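Below is one structure, written out as structure tokens, with a few remarks after it.
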Amino acid sequence: MIKNINIDGIVDSVKFRINFVDKNYRNKVADDIIDFIRSTKLVHIKTDEKASNEFCQVQKLRSSNTTIASITTSTFCTTHDFQNINNYYIAIAFQGLVRYQKNLDYRSELLLKYITAYLNTNKIPFIITQFDISTDIECPLENLVAVCVNRKSRKKYHYLGKYDENGAIIQKNEGTYEVERFESKEKRNNVMKLAYLYDKRRKEIMMANYNIGYEVSRLEIKLQSRFFLQKEVSVRTFIEELKDYKLFYFKDMTEKDEFIRRYNKANS
């Protein structure tokens, strides 16, 4: 029997950007933010030497030997009336807010609240440029199928299953299944949102050498920068984006295979 699972979202990653027209003022605000973070004693701050140069500085915010956030100060160029204009910015990215490591998750959430409160209290305007909504299911990945049910755009989507009609492997990464299909990285980076279904337990073992201890599968929807240029930022908006996808649970693998066969046939 097919079970349709209701999706409740959790925030897994978020990125803020603060824009400036003056480089020196940008640097002062960045120094003040870093000083504030140090005062919380939640994380250690370390410069990412490989990612930093004279135009871009990246500070990693680490706890328990894990990067839970980063602060980037950099520049981008725009053209106005045939003149190139330098725009300065600070990007604050919170990565992996829910890892199932109790102390780390607590510090990540608290850091996000502290920095958000600091920006609001000091009336520093910021915009959201990335927002990852996830839902976690305590069951093996093989029991789940995720599909997009609201195809308004011209995006292409993967067939379901492991192999296409020609016997080629559909997905590139074992344990991670992309809903949308893109021919190039450039096209992937220029869409409003992406959806992934993956083995969260396996990912934490591979990335952090940490075993959650039980099966957890995650459906993750990444809202990209382009999304925030066209949509309002609100809880209602985010919930509406979740409704574009359905996550199905199958106890019987024969029923799952039949569902995949019928789905692929209907969308061929």
Side-chain angles (χ1 to χ4, degrees), residues 4-16 66-70 92-101 104-105 108-109 112 128-153 155-162 170-182 185 187-208 210-212 214-228 231 233-250:
N4 191 355
I5 300 173
N6 292 324
I7 295 178
D8 293 322
I10 59 173
V11 178
D12 185 55
S13 299
V14 62
K15 182 185 288 186
F16 299 154
T66 302
T67 299
I68 62 176
S70 64
I92 308 174
F94 305 88
Q95 303 144 344
L97 293 168
V98 182
R99 303 172 191 254
Y100 291 90
Q101 298 185 50
L104 205 60
D105 289 351
S108 296
E109 182 180 352
L112 172 60
I128 297 175
T129 58
Q130 183 181 330
F131 198 84
D132 295 357
I133 311 172
S134 301
T135 187
D136 288 348
I137 311 297
E138 294 182 12
C139 75
L141 188 64
E142 64 182 11
N143 293 99
L144 300 173
V145 171
V147 298
C148 180
V149 294
N150 187 12
R151 300 184 173 192
K152 295 179 181 179
S153 68
K155 286 188 292 187
K156 295 180 180 180
Y157 296 84
H158 283 294
Y159 285 113
L160 301 181
K162 289 188 176 182
I170 291 174
Q171 297 289 343
K172 294 181 180 179
N173 300 313
E174 179 69 24
T176 299
Y177 299 87
E178 300 180 13
V179 176
E180 289 86 6
R181 176 165 62 92
F182 297 97
K185 186 176 180 180
K187 287 186 178 180
R188 184 196 309 271
N189 292 337
N190 285 313
V191 297
M192 289 203 300
K193 63 181 177 182
L194 305 165
Y196 301 85
L197 179 64
Y198 61 89
D199 187 333
K200 177 63 175 172
R201 181 185 184 185
R202 183 174 187 270
K203 182 178 179 181
E204 288 302 315
I205 291 173
M206 294 178 62
M207 301 289 290
Y210 177 77
N211 191 341
I212 294 173
Y214 51 91
E215 298 292 344
V216 178
S217 300
R218 173 170 290 183
L219 175 64
E220 181 174 304
I221 301 172
K222 290 182 173 291
L223 304 180
Q224 309 278 75
S225 298
R226 188 178 292 270
F227 175 89
F228 297 100
K231 304 267 189 175
V233 178
S234 70
V235 174
R236 175 179 292 181
T237 302
F238 297 150
I239 291 175
E240 288 301 313
E241 295 305 317
L242 281 171
K243 290 180 180 178
D244 284 353
Y245 300 90
K246 281 193 179 292
L247 186 62
F248 294 95
Y249 170 84
F250 297 86

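Computation of the quantities below employed the complete heavy-atom set of this structure, encompassing side-chain atoms and omitting hydrogens, waters and symmetry-equivalent molecules. Keep in mind that what you see is a predicted model, and the values were worked out from it rather than measured.
Between the side chain of S225 and the backbone N or O of T129 there is at least one donor-acceptor pair closer than 3.5 Å.
Scanning for side-chain contact (heavy atoms from CB on, under 4.5 Å) contacts around K172 gives an empty result, with sequence neighbours left out. Checked against salt bridge (Lys or Arg N to Asp or Glu O under 4.0 Å), K15 has no partners two or more places apart in sequence or in another chain. Every residue meeting the side-chain contact (heavy atoms from CB on, under 4.5 Å) condition with Y210, not counting sequence neighbours, appears here in chain and number order: Q101, A208, I212. With sequence neighbours excluded, the residues satisfying salt bridge (Lys or Arg N to Asp or Glu O under 4.0 Å) with R218 are D12, D136. By the side chain to side chain donor-acceptor pair (under 3.5 Å) test, N143 pairs with no residue at all, sequence neighbours left out. A search for side chain to side chain donor-acceptor pair (under 3.5 Å) contacts involving R99 returns nothing, not counting sequence neighbours. Residues satisfying the salt bridge (Lys or Arg N to Asp or Glu O under 4.0 Å) criterion with K156, sequence neighbours excluded, are E183. Partners of E138 under the side chain to side chain donor-acceptor pair (under 3.5 Å) rule, at least two apart in sequence or in another chain, do not exist in this structure. Judged as a side-chain contact (heavy atoms from CB on, under 4.5 Å), and not counting sequence neighbours, the contacts of Q171 are H158, Y177, E178. Residues passing the side chain to side chain donor-acceptor pair (under 3.5 Å) test with D105: none are found, sequence neighbours excluded. Under the ring-ring contact (aromatic ring centres under 6.0 Å, His included) criterion, F94 pairs with F16, sequence neighbours left out. Not counting sequence neighbours, E142 has no partner by the salt bridge (Lys or Arg N to Asp or Glu O under 4.0 Å) test.
The CD1 atom of I221 sits 8.0 Å away from atom OG of S134, with the distance rounded to the nearest 0.5 Å. With rounding to the nearest 0.5 Å, the separation of CD in E215 from SG in C139 is 8.5 Å. For the atom pair CG (N211) and CD1 (I205), the distance works out to 4.0 Å, reported to the nearest 0.5 Å. To the nearest 0.5 angstrom, E220 atom CD is 11.5 Å from Y245 atom OH. Interatomic distance, I10 CD1 to L97 CG, rounded to the nearest 0.5 Å: 9.0 Å. Taken to the nearest 0.5 Å, the CZ atom of F227 stands 6.0 Å off from the OG1 atom of T237.
When side chains are defined from C-beta on, N150 does not count as touching K243, because their heavy atoms never get closer than 4.5 Å. Under the 4.5 Å side-chain criterion, counting only non-hydrogen atoms from C-beta, L242 is not in contact with L219. Contact check for D132 versus Y196: no side-chain heavy atoms found under the 4.5 Å cut-off. Counting heavy atoms from C-beta on, the side chains of K155 and F182 come closer than 4.5 Å. Put simply, the side chain of V147 does not reach to within 4.5 Å of the side chain of Y157, judged on heavy atoms.
The shortest heavy-atom contact between P140 and S217 is C-OG, 3.5 Å. Minimum heavy-atom separation, G96 to S108: O-OG, 4.3 Å. Shown here for G175 and L141, the closest heavy-atom pair between the two residues is O-CD2, 3.6 Å.
Checking K200, R202, M206 one by one against E204, the side-chain contact (heavy atoms from CB on, under 4.5 Å) holds for a single residue, K200.
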>> Could you go through T67 and Q95, starting from their C-alpha distance and side-chain angles, then the distance that decides it, and tell me whether this counts as side chain to side chain contact (heavy atoms under 4.5 Å, CB included)?
In response: CA-CA 8 Å; T67 299; Q95 303 144 344; 3.8 Å; yes

>> Checking R236 against E240 for the salt bridge (charged side-chain N to carboxylate O under 4.0 Å, His left out) test, could you report, in this order, the C-alpha distance in whole Å, the side-chain angles of both residues, the deciding distance, and whether it holds?
In response: CA-CA 6 Å; R236 175 179 292 181; E240 288 301 313; over 6 Å; no

